[in-house]
Amino acid sequence: MTASEASSRFDVRVNGRAVPVSVPSETSLLEVLRNDVGDKSPKFGCGLGQCGACMVWLDGHPTPSCDLPIEYVTGEVRTASGLGTPDGPHPLQAAFLELQAGQCGYCVSGVLVSAAALLRDNPCPTRDEVTAALERHLCRCGTHQRFVDAVLAAAGAGA
Amino acid sequence: MSDRTTTGLPDSLVSNPRVSTWLTVTEHRGIELRVGKVELGQGIVTALTQLAAHELDVPPDAIRPTATNTAASPDEGLTAGSLSVMTSGSAVRRVCAEARELFRRAAAHRAGLDVDDVALVSGLFVRADGSRIGSYADLAAAVDLDVEVGDPTLRVELTPSSSKDLHRLDLPDKVMGRPRFIHDLEFAGMLHGRVVRPPRPGAHLVDIPDVTTLPGVHTVVREGDFLAVVAAREGQAVRAAEALVAGATWTGGLQLPDADDIGSWLRSVDAETTALRADGARHDGARTTLRASYSRPFVAHGSIGPGCAIAVLDEGRLNVWSHSQAVFLVGRGIASALGLAPDAVVVQHVEGAGSYGHNSSDDVAMDAALLATHLPGRHVRVLWSRADELGWEPFGPAMTGEVTATLGADGLVSDLSYEVWGNGHVARPGYAPQHSLLADAHRGGVDTMPPATDPPPERGAGTGRNAEPYYDIARVDVVAHRVLAMPLRTSSLRSLGANLNAFALESAMDELAAAAGRDPLEFRLAHLSDPRARDVLTTAADAAGWGGPLPEDRGRGLAFSRYKNRNSYCAVVADVEAADAVRVTRLTIAVDVGRVVNLDGVRNQIEGGALQATSWALLERVAFDRQRVLSTDWDSYPILRFSQVPHVEVHVLDRPDQPSLGAGEATMGPVPAAIANAVADALGVRVRTLPLTSDAIVAAIEAEIEAD
């Protein structure tokens with residue numbers, strides 16, 4: 001049996017464009033984004049929705065994409081790579097670079113996705129509110145303090 | 001510094017003496033730097049680029065650092081032990097300084113001047129009047145870099161240090177969401193492999209179901225107890241592997257030790273014993289003030305990105321893409337396991353998620369290589385599952401250490417004995433003649449991998465790392481027992497034995513200070529003649545307000561350690577709240593890492609190390625029953641979350657005239673010790689078992705009640 005025999009067609013809306021894909025219906029949204037759409041910004045971390053490395057916006061809500069089958073995805077997806085452009089980085093991305101908020105950087109895309117949702121809904125969060133918004137994310141390098149500082153800096157810069 | 005460069009070359013240059021191994025300068029492509037140290041998220045490539053730019057006197061963006069490749073880059077061994085700035089950094093400085101002088105000589109020749117009359121200004125060689133002779137690129141054709149360092153006709157002086165902050169070169173890709181990690185690497189027609197591990201250590205494969213008719217499956221590979229599937233799509237490989245897990249039958253398996261009494265197990269099994277110091281410490285019953293044991297459990301590296309590798313067998317040559325810290329060892333290990341010539345395996349380093357020691361990265365490279373040999377010409381990518389990552393990576397060894405100490409009539413420690421037990425900390429590819437990679441051990445059908453080894457004392461030891469107190473104590477005996485039974489696989493985890501040993505010795509120093517009726521800071525200073533050690537202690541203590549009043553349920557604790565007793569100095573003051581559970585509210589840290597190459601890089605490493613050490617101290621413990629590891633996801637193996645993160649304040653004492661000492665591991669010993677001392681301050685109970693969970697505190701309280 002070849003891959004295509006078990007596949008179905010889906011139109012995934014990612015970062016403002018519609019991408020047709022033909023994949024098995026149980027394929028995770030994360031696999032579709034990374035391997036079919038070609039957007040490598042969401043990362044595989046656990047496959048269980050526990051670590052936040054794969055976080056994307058689904059209709060504006062931060063959602064783990066690793067354990068979500070593509071057949072249940074109906075909304076608009078936004079990923080870290082869709083937050084800004086090289087010439088026009090999202091204020092969060094600018095702040096993360098300015099404050100060097102990152103060590104290995106593997107969890108950063110997911111953290112940015114959740115932080116961007118926070119600032120959209122709450123442009124001037126307190127430190128505790130930023131901490132709460134990032135609570136679902138695991139960082140093993142111990143960059144937490146810099147992440148929170150960078151989110152607060154971005155908020156101060158008018159994200 | 002200049003005398004160090006003329007007497008004796010850095011180790012990396014002894015084994016890789018040709019300038020051209022490290023540097024290529026061409027008219028059109030500029031300056032290319034090749035190093036044998038790899039980027040692990042610690043910023044080493046940025047630091048080395050900065051050193052090269054400084055020595056060549058060019059802007060950092062004029063240098064293109066290339067990732068390590070075993071066929072092209074200098075073999076600098078492992079990237080580990082906080083040694084990279086020390087070893088690779090001094091080699092890069094020396095190579096670049098020599099190259100700079102070779103170019104200056106070419107510039108002088110071109111201008112018809114004496115070399116002393118040629119100046120270098122921001123990458124341009126100029127005459128005394130400032131007029132231009134040429135840039136590095138302009139002069140490239142006139143300079144032969146295929147020469148060995150140490151040319152006696154060159155006058156080479158290292159440029160005086162400056163510690164500017166260079167922004168990390170790898171971060172823009174990572175923050176903008178561009179492909180950068182090995183996980184993001186993709187080749188046309190690439191297939192996806194998943195390995196099915198035994199259900200418990202030491203189990204042997206009996207039978208497997210037929211999964212070859214499942215969608216997308218290309219092949220199933222079964223060799224001994226090694227079982228894997230390769231499929232067209234990643235999800236298809238995962239589902240086929242799940243079908244194999246569900247239908248395969250296995251037999252046998254090892255009996256694991258009692259997880260709740262690891263200390264007894266470690267003391268009861270065969271071990272290799274090394275006396276690290278033997279002054280003849282004396283402890284008669286009347287004067288012995290302290291006899292206590294301190295333990296830590298097995299600890300996982302717990303990388304957020306699981307192990308990943310890609311391999312392709314291309315006309316007899318096996319190309320492997322790996323995020324290993326030891327690409328040279330991995331290449332040789334794979335070649336040996338597969339019966340290939342060493343140069344038939346070429347390993348290209350690609351950045352992965354942080355590894356913090358020897359995690360799955362070497363093994364997954366072997367997995368991919370093995371599968372690639374079954375599908376010549378096809379790129380095969382292997383990614384470990386979260387469960388395999390937390391269940392099959394080599395753990396940081398469980399350890400237990402016993403301190404016996406005697407106070408003299410002057411109230412200071414006169415005699416101290418320390419004895420420590422644990423599995424070895426080194427199990428990199430090639431550490432044993434065979435079965436040193438997981439897939440190779442499973443192919444061979446062995447029950448356990450060969451016992452992990454330890455670095456020799458001159459390289460900082462493993463079980464015995466920081467087992468010798470740094471304090472001025474008249475008679476000290478230190479014995480390390482490397483345990484040879486290894487039912488759970490162990491290898492290097494950030495700081496090796498220094499984590500437990502500093503926890504034990506620094507907890508003991510507080511207990512001894514209490515017995516002597518003295519303040520922990522003053523007690524330590526009374527045993528410390530090294531002025532740099534005293535400096536970090538007093539700096540941290542002053543910054544934290546040591547001695548000030550604290551509210552109810554709060555505690556403050558102090559610890560000091562010099563990593564490997566010869567590298568960075570680190571003092572930590574921890575503030576904790578200890579009501580229901582221990583919460584660390586603040587860490588005040590002072591470090592002396594010698595000459596600072598990249599100040600922000602040092603801060604980032606110290607902060608990050610401190611938070612990881614806090615996570616180990618409060619939460620982490622590999623859980624297992626008598627058959628298998630149970631902590632195979634982030635619920636069963638919790639690590640520090642944002643809401644649990646203390647405020648971390650780092651004070652870096654710059655010593656521009658001293659050698660760089662490395663920063664990555666300095667905090668791993670003193671942070672848990674400071675936290676435990678703060679818990680004792682808050683609750684009046686001494687917890688000698690990591691992690692400092694509520695259960696451990698209750699057990700310590702009960703033990704004290706029983707003892708009374």
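Numbered from 1 within each chain, the chains take letters A, B, ... in sequence-line order. What you see below is based on every heavy atom in this structure, not just the backbone, and it leaves out hydrogens, waters and symmetry mates. These numbers come from a predicted model, not from an experiment.
B/R603 contributes atom CZ, which lies 8.0 Å from atom CZ of A/R146 (distance to the nearest 0.5 angstrom). Put simply, CG on A/D39 and CG on B/D184 are 9.5 Å apart, with the number rounded to the nearest 0.5 Å. We find the NE2-CZ distance between A/H144 and B/F642 to be 5.0 Å, quoted to the nearest 0.5 Å.
Residue A/D36 touches chain B through its side chain alone, counting heavy-atom pairs closer than 4.5 Å. Looking at B/V645, only its side chain comes within 4.5 Å of chain A, counting heavy atoms on both sides. For B/L40, the part lying near chain A is the backbone, with the side chain staying farther off; criterion is any non-hydrogen pair under 4.5 Å. Only the side chain of B/R381 has a heavy atom closer than 4.5 Å to any heavy atom of chain A. Neither the backbone nor the side chain of B/T614 has a heavy atom closer than 4.5 Å to any heavy atom of chain A. Interface residue B/H301: only backbone heavy atoms are found under 4.5 Å from chain A. Residue contact with chain A, scored on non-hydrogen atoms closer than 4.5 Å, is absent for B/D173. In this structure, chain A has no heavy atom under 4.5 Å from any part of B/H323. Heavy-atom distances place both the backbone and the side chain of A/P86 under 4.5 Å from chain B. With a 4.5 angstrom heavy-atom cutoff, B/L383 touches chain A only via side-chain atoms.
Closest approach of B/W634 to A/Q50, counting heavy atoms only: N-OE1, 2.9 Å. Between B/A300 and A/R140, the shortest heavy-atom distance links the atoms O-NH2, 2.9 Å. Closest approach of B/R386 and A/L48 over heavy atoms only: CG-CD1, 4.5 Å. Across B/G608 and A/Q103, no two heavy atoms sit closer than the pair CA-NE2, 3.5 Å. Contact record, B/P306 with A/Y106: CD-OH, 4.5 Å, taken as the closest heavy-atom pair. Nearest heavy atom pair, residue B/Y356 against residue A/C141, reads OH-SG, 2.9 Å.
Proximity to chain B at a heavy-atom threshold of 4.5 Å picks out A/A80, A/S81 from residues 74-81 of chain A, in numerical order. Listed in order of number, the residues of residues 51-65 of chain A that approach chain B to under 4.5 Å between heavy atoms are A/C51, A/A53.
Side chain of A/Q145 to backbone of B/V648: a donor-acceptor contact under 3.5 angstrom is found.
With contacts defined as side-chain heavy-atom distances shorter than 4.5 Å, the pair A/N35/B/E234 qualifies. Here the side chains of B/H192 and A/E31 are not in contact, with every heavy-atom distance at 4.5 Å or above. Annotation: side chain of A/K43 is not in contact with side chain of B/H183 (no heavy-atom distance under 4.5 Å).
No side-chain N or O of A/Q100 forms a donor-acceptor pair with one of B/N604 less than 3.5 Å apart.
In this structure, B/R239 pairs ionically with A/E26, as a charged nitrogen and a carboxylate oxygen lie closer than 4.0 Å.
Residue with the most contacts toward chain A among B/D635, B/L611, B/L390, B/I304: B/I304 (heavy-atom pairs, distance under 4.5 Å). The choice from A/L138, A/T27, A/T131 that makes the most heavy-atom pairs within less than 4.5 Å of chain B is A/L138. By number of non-hydrogen pairs under 4.5 angstrom with chain B, the leading residue of A/C139, A/S109, A/C104 is A/C104. Interface remark: of the candidates B/M176, B/E607, B/Q612, B/K174, B/M176 forms the most heavy-atom pairs closer than 4.5 Å to chain A. In terms of heavy-atom pairs under 4.5 Å with chain B, the best-connected choice from A/V108, A/L112, A/L134 is A/L134.
Screening B/R178, B/R180, B/E186 against A/K40 for a side-chain contact (heavy atoms from CB on, under 4.5 Å) leaves a single residue, B/E186.
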